[in-house]
Amino acid sequence: MYLAGTLLLFTLLCLKLKLKFADALFYTVFIALFTIAGGRIGYALFYERAYFARHLSELIELYKGGMSFHGALIGYILALLLIVKEPSLRLRLLDLSAVTALILLPIGRIMNYLGAEIYGTPAPEGMPFASIYPALDLKLRHAVTLYEAAGYLILVLPLLSLLKKRGYLPCAGAFACAFAICQGILRFAVDFWREPDLSVGLILNSLGLGQILALIQVIAAAFLFWHLRKTCP
């Protein structure tokens, strides 16, 4: 999925922004490297600090799994700040990356479901789309990855299309902010049915770490959206 996202972003940079091949390749490679590194380091810091403190060499063993969406997001933002010097290009890159994420995130969640990588909390009998994860136990559990994938297709995509059509996203970067707000709210809601990470547990006895990070994401995106609308010509 990361490779597909890299190729899609490179294609959009060439076709939509009309960048030269070398420039598009330069931005794509560095964005991909920072995003993947951020996802892995973020997972280690947010969810498995004690384990990776003892097994530091496993940070580069990506094939074992363990990537944080918010870590990848932080890595991506760092790439934009360090590599892209022109503010207007930075904002347009944000929008194209949001389009890329909107296409690939639901596919990624479906692949998470097929790989049984993320578990939901126990579900009642007869619950539609609930699943059994034999590697964990034989309980019927909420298929939270399918819930999130459906949310992108049924809620986020139509809402963003409507906002774009009605002219509520006129500035460069506004689409990315709206996507980050919608994605964060969706993640926050779906995670109420997600099994808390054993190494972290619940915060304040009610929220998972992913939900806390999603709230921070929503607040930051809303502030940036307000700033862009305020300065939009």
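Scope of the values below: all heavy atoms of this structure, side chains included, with no hydrogens, waters or symmetry mates.
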Do any N or O atoms from the side chain of Arg141 and from the backbone of Ser131 form a donor-acceptor pair under 3.5 angstrom? no
Phe69 and Val218: same hydrophobic cluster, using ILVMFWY side-chain contacts below 4.5 Å? no
Among Leu9, Leu13, Thr6, whose side chain to side chain contact (heavy atoms under 4.5 Å, CB included) with Ile31 holds? Leu9
Quick one: pull up CZ in Phe175 and OG in Ser97 and give me the separation to the nearest 0.5 Å. 11.0 Å
Using modelled atom types and a 3.5 Å cut-off, is there a donor and acceptor pairing between side-chain atoms of Arg40 and backbone atoms of Met67? no
Less than 4.5 Å apart, side chain to side chain, heavy atoms only: is that true for Tyr27 and Leu89? yes
Side-chain touch Phe225/Leu169, heavy atoms, less than 4.5 angstrom: yes
Separation of Ile36 CD1 from Ile41 CD1 (nearest 0.5 Å): 11.5 Å
Are Leu215 and Ile74 co-members of a hydrophobic cluster defined by side-chain heavy atoms under 4.5 Å apart? yes
With heavy-atom distances below 4.5 Å as the criterion, would you say the side chains of Tyr43 and Phe52 are in contact? yes
Under 3.5 Å side-chain donor-acceptor pair for Glu117 and Asn112: yes
Are Leu114 and Thr145 packed together at the side-chain level, in the sense that at least one heavy-atom pair is separated by less than 4.5 angstrom? no
Between Lys139 and Leu136 (side chain of the first, backbone of the second, donor and acceptor by atom type, cut-off under 3.5 Å), is there such a pair? no
First locate atom CG of Leu163, then atom CZ of Phe179, and finally report the distance between them rounded to the nearest 0.5 Å. 13.5 Å
Close side-chain approach of Leu81 and Arg90, heavy atoms under 4.5 Å: yes
For the atom pair CG (Leu104) and CG (Leu8), what is the distance rounded to the nearest 0.5 Å? 5.5 Å
Less than 4.5 Å apart, any side-chain heavy atom of Phe34 and any of Val29? no
Taking atom CZ of Arg92 and atom CG of Leu12, what is their separation to the nearest 0.5 Å? 13.5 Å
Do Phe192 and Phe188 have ring centroids that are under 6.0 Å from one another? yes
Taking every non-hydrogen atom, the tightest pair across Leu140 and Glu125: CD2-CA, 4.1 Å
If you group Ile, Leu, Val, Met, Phe, Trp and Tyr by side-chain heavy-atom gaps below 4.5 Å, do Ile110 and Trp193 land in one group? no
Test Leu228 against Cys177 for side-chain contact (heavy atoms from CB on, under 4.5 Å), laying out the working first. CA-CA 9 Å; Leu228 292 174; Cys177 291; 4.0 Å; yes
Closest heavy-atom contact between Ile83 and Phe26? CG2-CE2, 3.3 Å
Write down the atom of Phe129, the atom of Ala143, and the distance for their closest heavy-atom approach. O-CB, 3.0 Å
Begin from the C-alpha positions of Leu94 and Tyr76 and carry the test side-chain contact (heavy atoms from CB on, under 4.5 Å) through to its verdict. CA-CA 9 Å; Leu94 268 177; Tyr76 169 77; 3.6 Å; yes
Interatomic distance, Trp226 atom CH2 to Thr231 atom OG1 [nearest 0.5 angstrom]: 9.5 Å
Should the heavy atoms of other residues, nucleotides or ligands under 6.0 Å from NE2 of His55 be counted, would the total exceed 12? yes
Residue pair Asp95 / Ala174: nearest heavy atoms and the distance that separates them: OD1-N, 3.9 Å
Side-chain contact test, heavy atoms from C-beta onward, threshold under 4.5 Å: evaluate it for Leu146 versus Arg109 and give yes or no. no
Taking every heavy atom of His142 against every heavy atom of Pro124, the minimum-distance pair comes out as NE2-CD, 4.3 Å
Examine distances only and state if a side-chain atom of Gln217 and a backbone atom of Ala180 form a donor-acceptor pair shorter than 3.5 Å. yes
Got Tyr113 and Tyr147 here, is their nearest side-chain heavy-atom distance under 4.5 Å? no
Is Leu155 reachable from Val190 through a run of hydrophobic residues whose side-chain heavy atoms are each under 4.5 Å from the next? no
Minimum heavy-atom distance between Ala172 and Leu91, given as atom pair plus value: O-CD1, 3.6 Å
For the pair Arg194 (side chain) and Arg187 (backbone), establish whether a donor and an acceptor sit closer than 3.5 Å, ignoring hydrogens and angles. no
Is it the case that one hydrophobic cluster holds both Phe46 and Tyr119, taking links as side-chain heavy atoms less than 4.5 Å apart, direct or via other members? no
Whether over 12 other heavy atoms sit under 6.0 Å from Ile60 CD1: no
List the steps, then state whether side-chain contact (heavy atoms from CB on, under 4.5 Å) holds for Leu17 with Leu96. CA-CA 9 Å; Leu17 296 188; Leu96 287 184; 3.5 Å; yes
Donor-acceptor check, side chain of Arg49 to backbone of Leu45, threshold 3.5 angstrom: yes or no? yes
Would Gln183 and Glu148 count as a side-chain contact (heavy atoms from CB on, under 4.5 Å) here? Give the steps. CA-CA 9 Å; Gln183 194 275 338; Glu148 189 173 339; 4.0 Å; yes
